[in-house]
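This one's a predicted model, so the numbers in the text were calculated from it and none came from an experiment.
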Amino acid sequence: AQSVTQLGSHVSVSEGALVLLRCNYSSSVPPYLFWYVQYPNQGLQLLLKYTSAATLVKGINGFEAEFKKSETSFHLTKPSAHMSDAAEYFCAVSEPGGYNKLIFGAGTRLAVHP
Amino acid sequence: EAGVVQSPRYKIIEKKQPVAFWCNPISGHNTLYWYLQNLGQGPELLIRYENEEAVDDSQLPKDRFSAERLKGVDSTLKIQPAELGDSAVYLCASSSPVGTQYFGPGTRLTVL
């Protein structure tokens, strides 16, 4: 069965610092991978997705993620944090072509301080 | 383009009472999902519809939960009777058949 592990339920960075949110997946076949962001009292918004094309995926708001099959990882990064990046971030996995069956990680809450 | 609409946004009820949540998906999206999000956790799929047919309801607790999507557009999720453990956020999402899922703002349910 597929699963997602997000290391670190809370991450705190200074404004302007590198953001690194970790995601590891477990899947018998190379999956599709997604990062969603959730701002307080809002639904989830897609940041980026990997669907077996380029391993380095660029998303909205300056975020990007790299698919590393050997490490079964799909970590999310942003070179310089902004106060507006403070939110909850969820990594999700699905079977190839299976956009419909998303398995989410527990989430990482990102705090950005001045 | 309007996003996924959910109502109500917040609901407080006493245990053993019934409650219903409503979702209007993005226009043209045939696939509709209901998710449960407990505090501090990621969303978990409850049920998925393709048009008016429930194609995956394996995670829906059928003793107290029910859902419908009669005309293949709007959907309603019902809990009867509600229990304390049902306190959570209920998210609705929609997509085209093989497309990205777009989420609504959710309904936060508190059961007292």
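- Taking hydrophobic clusters as Ile, Leu, Val, Met, Phe, Trp and Tyr residues chained together by side-chain heavy-atom distances below 4.5 Å, B:Phe103 does not share a cluster with B:Tyr49.
- Neither the backbone nor the side chain of B:Gln6 comes within less than 4.5 Å of any heavy atom in chain A.
- Under the 4.5 Å side-chain heavy-atom criterion for ILVMFWY residues, no single connected hydrophobic cluster contains both B:Val73 and B:Tyr102.
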### Message
Determine whether B:Tyr35 and A:Leu102 satisfy the following criterion, side chain to side chain contact (heavy atoms under 4.5 Å, CB included), listing intermediate values before the conclusion.
### Response
CA-CA 10 Å; B:Tyr35 285 88; A:Leu102 291 180; 4.0 Å; yes
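- For the set B:Cys92, B:Gly40, B:Pro43, the entry with the most heavy-atom pairs within less than 4.5 Å of chain A is B:Pro43.
- Annotation: the span from B:Leu45 atom CG to A:Phe104 atom CZ amounts to 9.5 Å, rounded to 0.5 Å.
- Looking at B:Asp56, the atoms closer than 4.5 Å to chain A (heavy atoms on both sides) all sit in the side chain, from C-beta outward.
- A:Tyr89 is connected to A:Val19 through a chain of hydrophobic side-chain contacts under 4.5 Å among Ile, Leu, Val, Met, Phe, Trp and Tyr, so both are in one cluster.
- Cluster annotation: A:Leu33 and A:Phe63 are assigned to the same hydrophobic cluster (Ile/Leu/Val/Met/Phe/Trp/Tyr, side-chain heavy-atom contacts under 4.5 Å, transitive).
- Crowding of B:Lys62 atom NZ: a count of heavy atoms from other residues, nucleotides or ligands under 6.0 Å exceeding 12.
- Follow the hydrophobic side-chain contacts under 4.5 Å out from B:Tyr90 and you never reach B:Ile26; the two are in separate clusters.
- Heavy atoms from other residues, nucleotides or ligands lying under 6.0 Å from OH of A:Tyr50 number more than 12.
- Counting heavy-atom pairs closer than 4.5 Å to chain A, the top residue among B:Gln37, B:Arg9, B:Glu50 is B:Gln37.
- Below 4.5 Å, heavy atoms of chain B meet heavy atoms from A:Gln38, A:Asn41, A:Gln42, A:Gly43, A:Leu44, all part of residues 38-45 of chain A.
- For B:Leu39, the CG atom is loosely surrounded, since the number of other residues' heavy atoms within 6.0 Å does not exceed 12.
- Residue B:Glu44: no heavy atom, backbone or side chain, is found under 4.5 Å from chain A.
- Residue contact with chain A, scored on non-hydrogen atoms closer than 4.5 Å, involves the side chain of B:Tyr10 exclusively.
- Atom OG1 of B:Thr100 and atom OH of A:Tyr32 lie 11.0 Å apart (nearest 0.5 Å).
- Side-chain contact between B:Gln41 and A:Phe90 is absent, with no heavy-atom pair separated by less than 4.5 Å.
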